[in-house]
Engineer: 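What follows is a structure written as structure tokens; I'll ask about it next.
Chain identifiers are assigned alphabetically (A, B, ...) following the order of the sequence lines, protein sequences preceding nucleic acid strands; residue numbering begins at 1 within each chain.
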Amino acid sequence: MEYTLNVLVTDDEMGMREGTARALAHFTTRFEELDAVVSYTVQTAASGEETLALIEEIQPDILLLDYKLPGMSGLDVLAKIQDRVREMITVMITAYASLETAITATKQGAFDFLAKPFTPQELRAAVRKATNQLLLVREAQRLAEEKRRIRFEFISVLAHELKAPLNAVESYLSLMKEQPPNADPDMFKHSVARALVRIQGMRKLIFDLIDMTRIESGTMVRKLAEHDLTALARAAMETQEPLAAARGITLSLEAPQPVPAVVDRTEIEIVLNNLLSNAVKYNRDQGSVTLRCERKDGAVVIEVADTGIGMADKDVERLFGDFVRIRNEKTSHIEGSGLGLSTVKKIAGLYGGQVAVTSTPDVGSVFTFSLPDA
Amino acid sequence: MASERKILIVDDDIDCREQVSMILRGYGYDVITAASQAEGEEILLRTQPSLAVLDLMMEEMDSGFVLCHTIKKLYPDLPVILLTGVTAATGMSFKTQDARARRWIEADVMLDKPVRPEELRNAVAKLLEA
């Protein structure tokens, strides 16, 4: 990115103003790590009063401010521009570089000092340093803004996801209350059944949210200890067994030997439960789910393969985001919070590991969760 | 005539579809349901219902508008009720009296979700009598 920054030079000596403007006129400086190339336009002011007026008018990025000015001093100017210290970097120019002056000016928001007389090289070095600071401050502000935006988006999606089941349940209840005259006798039963499904979905969402916030906030005390992953996998499969059996789905575990690893048991249980419940939910009736657990190429790998509806490449790309649910005709009847896989990904991150998926529509998906072998 | 009382319901939300079906069946109408704009179009090509109840947002944000447009092209006199949760979600209202906007939307009646049984019944009865 190329930037042109506005520099305002305040000095009561014309020679200083002109010399400074000349030294910066064709100066370009590069910041590799910020991917920025910066050049400058320079304006000058001869007094404190003129400086304040120009600050309003041109909103400079960098102010080179002489300490000793006739009338209003450099410090007086600093005192008046306190509220701009975040957008504008001020470098004090002074011939009397006493410690006391430095402390006062720094307290009032000056970023750096340049002692008179200075060479063009010294001037450019000071401007480069100020530019670096300015770019870092702006980058930090941008990131903070981005974080606020993501948080806001998350909350608004969450509110929507919580409201949807509530609306559905409310509608079923009002339907039962104001029964149409020729209502089917099964209507009542059916409404209750669907309302319960939606309430269970809402509960799952809330539980997933609790898991996720615990992991993200770091408030959950992690208990890292050696566990046999195949034993955890077997237990997770038992939990899913009734749901799978109801739809004729076979669950099998391929783990020829114990796979001990240092993990937090709860975290791995969340991972296994999410991957397995998805493999069952998005499977076809009479399908199968195979969980493999092994040590491979210096990593511990948990692989969950299903024979389900699979998904298109464009869906794979966004699958691990918050509240992402692949919505199409094949998934419209399946309940889910859209938080399970994003939580799995966050847990993988805690171990420096990763989660990946390969999928073929109508054939199935294979999720691979791998942790570096600790 | 039974054919005069056949209503097409198109909504990608299984519960909304169920609820609208239950309400209309309860008032003695026959219903056919579709879970997407595409499925709705398919049904419309082989059968002409006497009224359609469409959800606004399905595969796309404006699936309901598009489907409504298709219906009016195929069967200009077929009344359409458009259901929208948009008001609840965004505070935006499509229930505008603005004549140009109404022409653009093409639906005969717009109802907010969640649907109230009485309100839906009244709207359907009025459109089918007209």
Engineer: Should the heavy atoms of other residues, nucleotides or ligands under 6.0 Å from CZ of A/R149 be counted, would the total exceed 12?
Structural biologist: yes
Engineer: Do the side chain of B/Q19 and the main chain of A/S171 share a donor and acceptor less than 3.5 angstrom apart?
Structural biologist: no
Engineer: Taking atom types as modelled, is there a side-chain donor on A/N182 or B/Y27 under 3.5 Å from an acceptor on the other?
Structural biologist: no
Engineer: First locate atom CG of A/N167, then atom NZ of B/K113, and finally report the distance between them rounded to the nearest 0.5 Å.
Structural biologist: 9.5 Å
Engineer: A quick test of your reading: do over 12 heavy atoms of other residues, nucleotides or ligands sit less than 6.0 Å from CZ of A/R247?
Structural biologist: yes
Engineer: Would you indicate whether B/Y75, at its atom OH, is surrounded by more than 12 heavy atoms from other residues, nucleotides or ligands within a distance under 6.0 Å?
Structural biologist: yes
Engineer: Check this for me: does any side-chain nitrogen of one of B/R25 and A/D184 sit under 4.0 Å from a carboxylate oxygen of the other?
Structural biologist: no
Engineer: Looking at side-chain heavy atoms only, is the closest gap between B/I23 and A/E178 below 4.5 Å?
Structural biologist: no
Engineer: Got more than 12 heavy atoms from elsewhere within 6.0 Å of CZ, A/F207?
Structural biologist: no
Engineer: Pick one of side chain, backbone, both or neither for A/S191, based on which atoms fall under 4.5 Å of a heavy atom in chain B.
Structural biologist: both
Engineer: Is the shortest heavy-atom distance from the side chain of A/S174 to the side chain of B/R116 under 4.5 Å?
Structural biologist: no
Engineer: Has A/K345 got more than 12 heavy atoms of other residues, nucleotides or ligands less than 6.0 Å from its NZ?
Structural biologist: no
Engineer: Could you give the distance from NE2 (A/H190) to CD (B/E18), rounded to the nearest 0.5 Å?
Structural biologist: 3.5 Å
Engineer: Is it the case that over 12 heavy atoms from other parts of the model lie below 6.0 angstrom from the CD atom of A/Q354?
Structural biologist: no
Engineer: Are B/D15 and A/R198 side-chain neighbours, meaning at least one heavy-atom pair lies under 4.5 Å?
Structural biologist: yes
